[in-house]
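When reading the values below, keep in mind they use all heavy atoms of this one structure, side chains included, and skip hydrogens, waters and symmetry mates. Note on naming: letters A, B, ... go to the chains in the order of the sequence lines (proteins, then strands), and numbering restarts at 1 for each one.
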There are 2 protein chains.
Amino acid sequence: MPNSNLNGCLNCRERSEIFSTLHHNELIHVDMCRVRMHYGVGEMIFKQGSPCYDFVCVTSGLVKLYVESGNDRKLIIGFAKPVDYIFVPGAYVDKRHHFSAMACEETTACLVEAEVIQSLVKTNPEFSYQSISKISAQAINLFEQLTNLTHKQMPGRMADMLIYLSHKVYESNPFFTHLTRQDFADLSGMTKESAIRVLKVFKDDGLVKIDGDLIHILDMPRLENISRNG
Amino acid sequence: MPNSNLNGCLNCRERSEIFSTLHHNELIHVDMCRVRMHYGVGEMIFKQGSPCYDFVCVTSGLVKLYVESGNDRKLIIGFAKPVDYIFVPGAYVDKRHHFSAMACEETTACLVEAEVIQSLVKTNPEFSYQSISKISAQAINLFEQLTNLTHKQMPGRMADMLIYLSHKVYESNPFFTHLTRQDFADLSGMTKESAIRVLKVFKDDGLVKIDGDLIHILDMPRLENISRNG
DNA sequence: GGGTTGCATTGATATATATCAATGCAATAC
DNA sequence: GTATTGCATTGATATATATCAATGCAACCC
């Protein structure tokens, strides 16, 4: 049964601001409709272009969100980690996904029918205000990503990415990551080979230390400086 | 008096979907709070980083929206034309503007205190749903812009830009524009010189005809092909 | 008319970045 | 134990793009 765990959504309410805006009976309703899913590393949660039926909330693991262009290049636009819900803008526009979501680690997520969530927007003003804030914040991040990727050269973009991973995704330094060099490249808009070369320079300059999956930013001020000067 | 024109917002309701969601008394209220402004070419309507006090709705002319990065490079992320309101995501996040708005032609716009609009989000579910749709559509455009700018080379980006101008901004072909070569460059993420060179190739290849401010796309299928193949 | 200003254009050159091809290297499969 | 697979790394090279410097050219000013 989907809501066999009685503390399901109530538990998440304590950890995610979005659920705190829901009234008790709304939360119960969401909880009833919820399906718990597990995804292995590399498994697709949803794919760009496909119809969007479900609202997805990540409860454990890590999910990368990326856009694909024709020539099978990818650009990672962000991550979802516990307890983030993935705002799907297409749900309010054309009922299609405009980016893909893939598990980068063993991941569990709750799915709720998109209709259920969207009807909350129409009945709960707090919830809709939260939704607007969420998508607004996402748009603001996209502005920054746009200028970073178009106005900076590779070292600046790589520095941005490392700082982003440390501050926003893993929230620690050093941090463990299972991201591949290709992911690094897809995050900073360059080829895998270029990513490797830039990282090598950073290592040689004593900016970072990379030990397998462990990344340690040794000189954050200098890295921030590289980010600033593009 | 701001609402000397009795048909003010009522008139816009007929031309812009966002106002059609407002109830009569809400519209009257917005109309009462509204200030009509005029901007000359090159005049700034609001600047990135500044506090956002006002909701802006363009009633005539053309406004470019752009983000600036440290090294005084710009990237135009879109335009607002009659009757578009400019959705300011910062209003729901940190009360700051995250992009700038500048008139590219003689422009008139109505300003309404941001608070007035934001309170409508909390009282009118139709209006908040519209707001979510608007910002969602904007986010979707940003995804596309991101991949266009990072995964395509100059000819592809220039083709995208010309198609965008013809289809979405001026909605005609040929079209008159007062945009400069620098604007073209800021739209397609390259330098002014590169923009000129790419345009020259397009002209020599018979793809477009440029006569001062008049731009004529002669071979749309081929231009779309260039856009697709990056 | 001559000067100034702002934008458009061109050419020469430097630089950043991608591509291609090869090799290394650890984990897993048989 | 050897083959295989997937990812990381390196070097050589080609290409895309920016930069710099100069010139053109129309509009406007005095």
Side-chain angles (χ1 to χ4, degrees), chain A residues 40-43 64 69-75 102 104-105 147-161 176-204 208-215 226 229-230, chain B residues 40-43 64 69-75 102 104-105 147-161 176-204 208-215 226 229-230:
Chain A
V41 175
E43 256 190 283
K64 67 177 172 190
S69 48
N71 36 351
D72 67 15
R73 289 187 65 178
K74 294 174 186 173
L75 189 73
M102 180 184 279
C104 334
E105 295 172 11
T147 50
N148 286 348
L149 290 173
T150 56
H151 291 167
K152 287 180 187 178
Q153 356 198 100
M154 296 199 297
R157 306 205 298 268
M158 182 60 75
D160 279 335
M161 193 217 60
F176 270 104
T177 176
H178 296 119
L179 297 178
T180 65
R181 299 300 144 123
Q182 186 62 58
D183 287 328
F184 283 16
D186 293 344
L187 267 162
S188 40
M190 60 184 81
T191 61
K192 186 183 50 170
E193 292 94 328
S194 292
I196 289 166
R197 277 183 250 264
V198 175
L199 278 176
K200 187 180 156 70
V201 172
F202 282 8
K203 280 190 282 189
D204 291 350
V208 295
K209 186 155 155 287
I210 301 181
D211 232 346
D213 285 349
L214 183 68
I215 296 186
I226 290 173
N229 298 328
Chain B
V41 175
E43 257 189 281
K64 67 177 172 190
S69 48
N71 36 349
D72 67 16
R73 290 186 65 178
K74 295 173 185 174
L75 189 74
M102 180 184 281
C104 337
E105 296 172 11
T147 51
N148 286 348
L149 290 173
T150 56
H151 292 165
K152 288 181 186 178
Q153 6 198 87
M154 296 199 296
R157 306 205 298 266
M158 181 61 74
D160 280 335
M161 193 218 59
F176 271 103
T177 176
H178 295 120
L179 298 177
T180 65
R181 298 300 144 120
Q182 186 62 58
D183 286 328
F184 284 16
D186 293 343
L187 267 162
S188 40
M190 60 184 81
T191 60
K192 185 183 51 171
E193 292 94 329
S194 292
I196 288 165
R197 277 183 250 264
V198 175
L199 278 176
K200 186 181 157 70
V201 172
F202 282 9
K203 280 189 282 189
D204 292 350
V208 296
K209 187 155 154 285
I210 301 181
D211 234 346
D213 284 350
L214 184 68
I215 296 185
I226 290 173
N229 298 330

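Between the NE2 atom of A:His178 and the P atom of D:dG6 there is a distance of 19 Å, rounded to whole Å. Whole-Å rounding puts the B:His151 NE2 to C:dT19 C1' distance at 16 Å. For the pair A:Asp213 CG and D:dA8 C1', the interatomic distance rounds to 12 Å; values are reported in whole Å. Spacing between atom CG of A:Leu199 and atom C1' of D:dC7 amounts to 14 Å, rounded to whole angstrom units. Between the CZ atom of A:Phe202 and the C1' atom of D:dT9 there is a distance of 17 Å, given to the nearest Å. Going from atom CZ of A:Arg181 over to atom C1' of C:dG24 covers 14 Å, rounded to whole Å. A straight line from CD of A:Glu193 to P of D:dT13 spans 17 Å, rounded to a whole angstrom. Remark: P of C:dC7 and CZ of B:Phe184 are 14 Å apart, rounded to the nearest angstrom.
Distances shown here put a side-chain N or O of A:Lys200 below 4.0 Å from the OP1 or OP2 atom of D:dT10. Applying the 4.0 Å criterion to OP1 and OP2 of D:dT17, one finds that B:Ser194 has every side-chain N and O outside that range. A sub-4.0 Å separation between OP1 or OP2 of D:dA18 and a side-chain N or O of B:Thr191 is present.
A distance of 11.5 Å separates NZ of A:Lys209 from NZ of A:Lys203, quoted to the nearest 0.5 Å. The distance from the CG atom of A:Asp72 to the NE2 atom of B:His151 is 10.0 Å, given to the nearest 0.5 Å. Interatomic distance, CG of B:Leu214 versus OG1 of B:Thr177, reported as 10.0 Å (0.5 Å rounding).
Closest contact between the side chain of A:Lys192 and the listed nucleotides C:dA16, D:dA8, D:dT17 involves D:dA8. Candidate nucleotides D:dT10, D:dC20, C:dT17 were compared by shortest atom distance to the side chain of A:Met154, and C:dT17 ranks first. When the nucleotides D:dC7, C:dC20, D:dA18 are ranked by their closest atom to the side chain of A:Arg197, C:dC20 comes out on top. For B:Ile196, whose side chain is taken as the heavy atoms from C-beta onward, the closest listed nucleotide among D:dT19, C:dA8, C:dT17 is C:dA8. Residue A:Met190 places its side chain closer to C:dA18 than to any other of D:dT19, C:dA18, C:dA8. Picking from C:dA21, C:dA16, D:dA8 the nucleotide with the shortest atom distance to the side chain of A:Gln153 gives C:dA16.
Here salt bridge (Lys or Arg N to Asp or Glu O under 4.0 Å) pairs that include residues 180-193 of chain A, with residues two or more places apart or in two chains, are A:Lys64-A:Asp183.
Across its full length, the helix from C:dG1-D:dC30 to C:dC30-D:dG1 shows an angle of 20° between the axes of its 5 terminal pairs at either end, rounded to 10 degrees.
Across every non-hydrogen atom of A:Thr147 and B:Ser69, the tightest pair is CB-CB, 4.1 Å.
No donor-acceptor pair closer than 3.5 Å links the side chain of A:Ser188 to the backbone N or O of A:Met190.
In terms of polar N and O atoms assigned as donor or acceptor, the side chain of B:Gln182 never comes within less than 3.5 Å of the base of C:dC7 in a complementary pairing.
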TODO: For side chain to side chain contact (heavy atoms under 4.5 Å, CB included), just list the numbers for B:Phe202 and B:Ile226, CA-CA rounded to whole Å, side-chain angles, deciding distance to a tenth of an Å, and then say yes or no.
DONE: CA-CA 10 Å; B:Phe202 282 9; B:Ile226 290 173; 4.2 Å; yes
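B:Asp160 meets the side-chain hydrogen bond (donor to acceptor under 3.5 Å, both in side chains) test with B:Asn148, B:Lys152, B:Ser227; sequence neighbours excluded.
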